[in-house]
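This report refers to the structure that appears directly beneath it.
Note that the coordinates shown come from a computational prediction; the quantities given were computed from them, not determined experimentally. Residue numbers run from 1 in the order of the sequence given.
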Amino acid sequence: MLLLAAPAFAADWRDVALPTQGPPRLIGNHGAGCIAGAVALPTEGPGFQTIRLSRSRFWGHPNLVASIRTLGARLQAAGFPDIYIGDLGQARGGPMPWGHASHQIGLDADIWFDLSPKTVRPAAQRENIEPPSLVRPDQRSVDLNRWTDAHAELLRTAAALPGMDRIFVHFAIKRRLCETAGPDRAWLRTIRPWWGHAAHFHIRLRCPAGQPECHDQAPPPPGDGCDASLDWWFAQLDVPRKPPSRPRPPSRPVLPAACAAVLAAPAAVAAAR
């Protein structure tokens with residue numbers, strides 16, 4: 001596949017307000033790519049509310065939008081309150097100036113763990129929502145004053161969505177799931193430990209059929225992920241960290257050459273949300 005240095009600064013991808021015309025086309029991978037023909041997640045729907053709308057990071061592949069809507073509907077039917085949906089991707093994907101290294105091809109989304117009862121707020125009131133962490137400050141265990149069995153059921157429901165590749169959570173949350181999941185453990189393979197992700201989880205879908213320019217990660221290793229590989233994350237908490245000798249400039253992903261044309265393509269007509 002032809003590659004080139006990022007055809008523009010991340011700010012150029014941010015500043016494109018609308019997706020391209022035409023059907024969805026995914027190019028590259030989750031951490032270095034773009035999307036043509038993205039669609040917008042509605043500001044709210046059955047079981048969910050989109051937050052921080054001013055960022056314009058509510059765009060993705062139709063499969064991602066459908067998955068979020070399905071998740072919201074399933075949770076609502078099970079008696080859950082609305083969930084808050086954070087960042088998906090930009091109108092044409094690509095790198096973001098801050099906040100994420102991935103979320104570039106319209107198959108990633110952040111979902112907050114906040115399960116407090118809530119009414120539908122006006123969009124302006126959803127700009128500065130900061131749900132609390134479910135992990136204790138030492139990062140070694142979940143905060144049992146906040147963590148509930150409903151959070152595990154939330155993740156189990158998300159893991160069962162069609163096309164789900166993996167779900168990133170804080171490693172202390174992964175350990176809690178390993179300790180309490182019971183005999184039905186197959187879904188735990190989808191739940192992957194990562195830094196952060198203590199107040200929200202990150203869903204990632206596999207490349208849809210018919211998208212030859214889209215490239216998945218390697219599948220998660222076999223098993224439930226509750227083995228010694230999970231211990232590695234906790235061991236890193238005891239490794240002394242040396243401050244960098246000098247600030248590092250932000251890295252630029254190397255994007256597929258076809259992304260330059262996606263960035264420059266005519267915009268689709270704005271659709272009502």
Side-chain angles (χ1 to χ4, degrees), residues 1-41 55-71 85-111 158-159 161-168 190 192 194 202-221 250-271:
M1 178 173 61
L2 292 175
L3 300 175
L4 79 168
F9 291 104
D12 292 323
W13 291 90
R14 175 201 64 197
D15 292 342
V16 178
L18 294 171
T20 65
Q21 302 171 11
R25 177 188 175 195
L26 306 184
I27 303 168
N29 61 57
H30 301 84
C34 58
I35 176 174
V39 297
L41 180 69
R55 297 184 181 186
S56 192
R57 293 180 176 181
F58 42 71
W59 303 94
H61 187 274
N63 286 12
L64 179 64
V65 171
S67 292
I68 293 170
R69 299 186 74 142
T70 297
L71 178 62
I85 309 300
D87 291 349
L88 279 64
Q90 299 172 138
R92 304 188 187 191
M96 299 182 188
W98 53 271
H100 303 284
S102 61
H103 292 248
Q104 294 196 29
I105 56 172
L107 297 177
D108 297 272
D110 289 340
I111 301 175
L161 291 170
M164 187 61 64
D165 181 55
R166 60 212 335 121
I167 297 174
F168 298 104
T190 303
R192 311 310 302 174
W194 199 251
H202 173 166
I203 65 172
R204 172 168 293 170
L205 301 186
R206 293 187 291 273
C207 292
Q211 295 287 340
E213 298 168 284
C214 180
H215 301 283
D216 279 320
Q217 282 182 266
S251 61
R252 294 192 201 174
V254 178
L255 302 183
C259 285
V262 171
L263 184 63
V269 176

Could you give the distance from [atom1] ([X]) to [atom2] ([Y]), rounded to the nearest 0.5 Å?
{"X": "R55", "Y": "W98", "atom1": "CZ", "atom2": "CH2", "value": "3.5 Å"}
{"X": "W59", "Y": "L18", "atom1": "CH2", "atom2": "CG", "value": "5.5 Å"}
{"X": "I68", "Y": "L41", "atom1": "CD1", "atom2": "CG", "value": "5.0 Å"}
{"X": "I85", "Y": "I111", "atom1": "CD1", "atom2": "CD1", "value": "4.5 Å"}
{"X": "I35", "Y": "H103", "atom1": "CD1", "atom2": "NE2", "value": "13.5 Å"}
{"X": "N29", "Y": "I105", "atom1": "CG", "atom2": "CD1", "value": "6.5 Å"}

Heavy-atom pair of closest approach, residues [X] and [Y]:
{"X": "L255", "Y": "P95", "answer": "CD1-CD, 3.9 Å"}
{"X": "A17", "Y": "S56", "answer": "O-OG, 4.4 Å"}
{"X": "S102", "Y": "H202", "answer": "OG-CE1, 3.4 Å"}
{"X": "M164", "Y": "A159", "answer": "CB-O, 3.9 Å"}
{"X": "P256", "Y": "G33", "answer": "CD-CA, 4.1 Å"}
{"X": "P162", "Y": "S67", "answer": "O-OG, 4.0 Å"}

### Query
Is the number of heavy atoms from other residues, nucleotides or ligands under 6.0 Å of R69 CZ greater than 12?
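Incorrect, the count does not exceed 12.
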Under 4.5 Å between any side-chain heavy atoms of [X] and [Y], yes or no?
{"X": "E213", "Y": "C259", "value": "no"}
{"X": "P24", "Y": "N63", "value": "no"}
{"X": "D165", "Y": "C207", "value": "no"}
{"X": "R192", "Y": "I167", "value": "no"}

### Message
Exactly one of L64, D108, L88, L71 should register a side-chain contact (heavy atoms from CB on, under 4.5 Å) with I203. Which one does?
### Response
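When L64, D108, L88, L71 are each tested with I203, the side-chain contact (heavy atoms from CB on, under 4.5 Å) holds only for L64.
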Checking the side chain of [X] only, and the main-chain atoms of [Y] only, is there a donor and an acceptor separated by less than 3.5 Å?
{"X": "T20", "Y": "A267", "value": "no"}
{"X": "R25", "Y": "Q211", "value": "no"}
{"X": "Q104", "Y": "C34", "value": "no"}

### Message
Checking side-chain polar atoms at under 3.5 Å, does D87 have a donor or acceptor matched by the opposite partner on H100?
### Response
yes
### Message
Would R57 and W13 count as a cation-pi pair here, with the cationic atom under 6.0 angstrom from the ring centre and within 45° of the axis?
### Response
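No, R57 does not sit over the ring of W13.
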### Query
Given Q217, which of R206, H30, R204 fulfils the side-chain hydrogen bond (donor to acceptor under 3.5 Å, both in side chains) condition?
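For Q217, the side-chain hydrogen bond (donor to acceptor under 3.5 Å, both in side chains) test succeeds with only one of R206, H30, R204, which is R204.
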